[in-house]
Amino acid sequence: MIKRGKLLFIFIPHHHIGGAERVHLNIIKALPYKPVVFFDYSSSNQIEDEFKKNAYCFLINSPRRRKYAFKLLQIISFFFPVVLFGCNSNLFYNFVSRLKRKSKAIDLTHAFSFPDRGIEITSLPFVDLLDKRVVINTKTLEDYKQLYSESKIDKELINRFVIIPNGIEINKFDSSKIDFRWNNFTIGFVGRNSPEKRPELFLEIVKKLKIKAKAIGDNFNQFKEEYPNVIYFENCNDKDLIREQFSDISVLIVPSSREGFPLVIMEAMELGIPVIATNVGSIFEHLQDTEKGFLGPVESEMFLDFASDKISAIMENKEWYSTLSLNARRYAEDNFAIEKFNSQYRALFYE
C-alpha cells in the first residue's frame, strides 16, 4: 500500500536522454506522485520535455542554487517526511550528510567505473547514512562486497543492498521485420561516442566486412570522413523516432570495455534484434548461451575477429537468423517487462 505524505527528492547529474537517464526517467514515471528532481550537472539549461512532464525539475549547477536548494530541503524536511534518492550525484551525498533531521536516503549504482574509480568511492564515507542501496545486478553487488571488505566497512551494511533489475516497455512485436532485416542486413551501434563504448571498434568491423551499418547516438563527427557509408542518426530525443531507426538494425554490436547491463541490449531484444556484445558487466547473465545472441572477448582485436565471424555466419543462414530473432524477443518478454521494475521502486520509496 502506498503511504501518502512522503516527499521524494531525486538527485541525478544529467537531463539529456542517454541509457542511464532513460532508467532514471523510468523510475520517475513509475511513481504515483511527481517527485522533485535536482540536476546537479549540466552543459545546457534546456531540460528535456519528458523530465519536465513527469517531475518538478530544477538545475542546481551553481553554488548559489545549491545553497537555495539545501535551505528549501531543510525547511520541507522539518514539516514532512522526506525521501532522498541519488544516482551518480555528489550533491546527493552532500545533502544527505548535512540534513540534521532524519530522512530516508537511497542511492542507485548502475555499475562500477572500472578501470577508474568513481561514485562508488565517493559514496564510501556516507554508507552508514544510506537506508538502502540499489544495484541493477548481482555483478555490481559482488563488486560492492569486495569494495566494502577492502575498505573495512561493517559487513552488516551489505544487508542494505537491494537488486532491482532495469525494465522496459514491451510493445507489440512485428514479426515481418525479421524478413526486412535479413533482406537489408545492417549492423548497428547505439550509444554515445565515449572511450568505454568504443564506437571505433564497431566501425572497424564495418570496414573489415564492407557491410551496411547505422550508428545511433551523439558526437560521431570525427568518424564521418573516414566512414562516409555509415548512416549516422544523431541528436534526437524523440523516443518513437529513435525506435523506428533502431528497428531497422539487423544485429546490434556492443563493443564496450565496461558496462553494467546496457539498456540498448534490452531494447534490441524487445525488438527481436540479436546482440553481439563483449563479456563485461552483467551482460553474461542474459547472453550466456548462443540462442539469442553472442558474448565475445573484451580485447579489441579478438572481439573484432569474433564479431566479424558471427556476422558472416548469420548472413549465410536466414533460418538461424530468424531463430535468433524470435528467441531474443521471447527472452525480453519473459525477463524485461517494466511492471516489476515499477512496483519495486514504488515499494522502495513509499511502503
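We use all heavy atoms of the structure for the numbers below, so side chains are in, but hydrogens, waters and symmetry mates are not.
- Using a 3.5 Å distance cut-off with no hydrogens or angles, the side chains of Gln222 and Asn193 do pair a donor with an acceptor.
- More than 12 heavy atoms of other residues, nucleotides or ligands sit less than 6.0 Å from atom CZ of Phe284.
- Two residues are said to be in side-chain contact when any heavy atoms from C-beta on lie closer than 4.5 Å; Lys214 and Gln245 meet this criterion.
- The environment of CD in Glu150 is crowded: more than 12 heavy-atom neighbours from other residues, nucleotides or ligands sit within 6.0 Å.
- Under a 3.5 Å cut-off, the side chain of Thr278 and the backbone N or O of Ser257 do not form any donor-acceptor pair.
- Under the salt bridge (charged side-chain N to carboxylate O under 4.0 Å, His left out) test applied with Glu270, the options Lys292, Arg330, Arg243 reduce to a single match, Arg243.
- The side-chain heavy atoms of Ile10 and Leu84, taken from C-beta on, include no pair separated by under 4.5 Å.
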Test Lys132 against Asp107 for salt bridge (Lys or Arg N to Asp or Glu O under 4.0 Å), laying out the working first. CA-CA 7 Å; Lys132 291 289 184 182; Asp107 71 350; over 6 Å; no
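- Geometric assessment of Arg98 against the ring of Phe70 yields a positive cation-pi assignment under the 6.0 Å and 45° thresholds.
- Checked against the 6.0 Å centroid criterion, the rings of Phe220 and Tyr227 do not qualify as a close aromatic pair.
- Distance alone, capped at 3.5 Å, is enough to place a donor-acceptor pair between the Asn327 side chain and the Glu291 backbone.
- Ile178 CD1 to Leu326 CG: the interatomic distance, rounded to the nearest 0.5 Å, is 4.0 Å.
- At a cut-off of 3.5 Å, with distance as the only test, a side-chain donor of Thr138 or Glu285 sits close to an acceptor on the other residue.
- Side chain of Asn183 to main chain of Asp179: a donor-acceptor pair is present (N/O by atom type, distance under 3.5 Å, no hydrogens or angles).
- In summary, the side chains of Arg181 and Thr186 do not present any donor paired with an acceptor at a separation below 3.5 Å, with no hydrogens or angles considered.
- For Phe85 and Phe349, the ring centers are positioned less than 6.0 Å apart.
- In this structure, Ile231 is not a member of the same hydrophobic cluster as Trp182, with clusters built from ILVMFWY side-chain heavy atoms closer than 4.5 Å.
- Residue Ile216 holds its CD1 atom at 10.5 Å from CZ of Phe189, rounded to the nearest 0.5 Å.
- Separation of the Phe11 and Phe39 ring centroids does not fall under the 6.0 Å cut-off.
- Counting only distance, with no hydrogens or angles, the side chain of Glu299 and the backbone of Glu301 share a donor-acceptor pair below 3.5 Å.
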Run the numbers on Phe95 and Phe9 for ring-ring contact (aromatic ring centres under 6.0 Å, His included), then give the verdict. CA-CA 11 Å; Phe95 277 27; Phe9 291 81; 9.2 Å; no
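- The closest side-chain heavy-atom distance from Ile249 to Ile187 is not below 4.5 Å.
- In this structure, a donor-acceptor pair under 3.5 Å is present between the side chains of Arg133 and Ser123.
- Side-chain contact check for Ile170 versus Ile168: some heavy-atom pair is nearer than 4.5 Å.
- Taken to the nearest 0.5 Å, the OG atom of Ser256 stands 7.0 Å off from the CD atom of Glu196.
- Judged purely by atom type and a 3.5 angstrom limit, Ser149 has no side-chain atom pairing as donor or acceptor with the backbone of Lys145.
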Determine whether Lys52 and Asp49 satisfy the following criterion, salt bridge (Lys or Arg N to Asp or Glu O under 4.0 Å), listing intermediate values before the conclusion. CA-CA 5 Å; Lys52 289 193 292 187; Asp49 290 341; 3.7 Å; yes
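- Atoms NE2 and OG, on His110 and Ser282 in that order, are 12.0 Å from each other to the nearest 0.5 Å.
- The CG atom of Asn171 sits 8.0 Å away from atom CG of Leu271, with the distance rounded to the nearest 0.5 Å.
- The cluster map of Ile, Leu, Val, Met, Phe, Trp and Tyr, joined by side-chain heavy atoms under 4.5 Å apart, puts Met266 and Val254 in the same cluster.
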Chi angles and distances behind the side chain to side chain contact (heavy atoms under 4.5 Å, CB included) call for Leu129, Tyr93: CA-CA 9 Å; Leu129 301 176; Tyr93 298 110; over 6 Å; no
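- When side chains are defined from C-beta on, Val36 counts as touching Phe58, because their heavy atoms get closer than 4.5 Å.
- Atom NZ of Lys208 has more than 12 neighbouring heavy atoms from other residues, nucleotides or ligands inside a 6.0 Å radius.
- Aromatic ring centres of His24 and Phe51: separated by at least 6.0 Å.
- For the 3.5 Å distance criterion, the side chains of Asn342 and Glu339 fail to qualify, holding no donor opposite an acceptor.
- Note that Lys224 lies in the cation-pi zone of Tyr232, set by a 6.0 Å cut-off to the ring centre and a 45° limit from the axis.
- Side-chain atoms of Ser312 do not come within 3.5 Å of backbone N or O of Asp309 as any donor-acceptor pair.
- At least one donor-acceptor pair under 3.5 Å links the side chain of Glu120 to the backbone N or O of Ser113.
- When each of Leu108, Ile27, Val134 is paired with Ile164, the side chain to side chain contact (heavy atoms under 4.5 Å, CB included) condition holds for Val134 and for no other.
- Put simply, the side chain of Ser89 never gets that close to the backbone of Gly86: no donor and acceptor are under 3.5 Å apart.
- Summarising the local packing, NZ of Lys340 is surrounded by 12 or fewer heavy atoms from other residues, nucleotides or ligands at distances under 6.0 Å.
- A single hydrophobic cluster is seen to contain both Met315 and Phe306, as judged by linkage of ILVMFWY side chains at heavy-atom distances under 4.5 Å, directly or through other members.
- Linking Ile, Leu, Val, Met, Phe, Trp and Tyr residues whenever their side-chain heavy atoms come within less than 4.5 Å places Ile253 and Val230 in a single cluster.
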Given the rule in the side chain to side chain contact (heavy atoms under 4.5 Å, CB included) test, do Asp248 and Phe180 qualify, once you have shown the distances and angles that lead to the verdict? CA-CA 8 Å; Asp248 290 343; Phe180 173 84; 3.6 Å; yes
Can Ile273 and Ser250 be said to form a side chain to side chain contact (heavy atoms under 4.5 Å, CB included), step by step? CA-CA 6 Å; Ile273 298 172; Ser250 308; over 6 Å; no
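- Both Leu7 and Ile60 belong to a single network of hydrophobic side chains, linked directly or stepwise wherever heavy atoms of I, L, V, M, F, W or Y lie under 4.5 Å apart.
- No salt bridge links Glu50 with Arg22; every basic N to acidic carboxylate O contact stays at or beyond 4.0 Å.
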Go through it in stages, so that I can follow the logic: the residues are Ile276 and Ile311, the test is side chain to side chain contact (heavy atoms under 4.5 Å, CB included), and I'd like the CA-CA distance, side-chain angles, deciding distance and then a yes or no. CA-CA 9 Å; Ile276 301 175; Ile311 292 165; 3.7 Å; yes
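- Leu324 places a side-chain heavy atom less than 4.5 Å from the side chain of Trp320.
- Side-chain atoms of Thr140 and Asn137 form a donor-acceptor pair, as typed in the model, at a separation below 3.5 Å.
- Rounding to the nearest 0.5 Å gives a distance of 9.5 Å between CD1 of Ile158 and OH of Tyr144.
- Remark: aromatic rings of Tyr148 and Phe161 are close, center separation under 6.0 Å.
- Defined by atom type and a distance below 3.5 Å, a donor-acceptor pair is missing between the side-chain atoms of Glu316 and Tyr321.
- For Arg160 (side chain) and Asp128 (main-chain N/O), a donor-acceptor pair under 3.5 Å exists by modelled atom type.
- At least one donor-acceptor pair closer than 3.5 Å links the side chain of Arg65 to the backbone N or O of Leu59.
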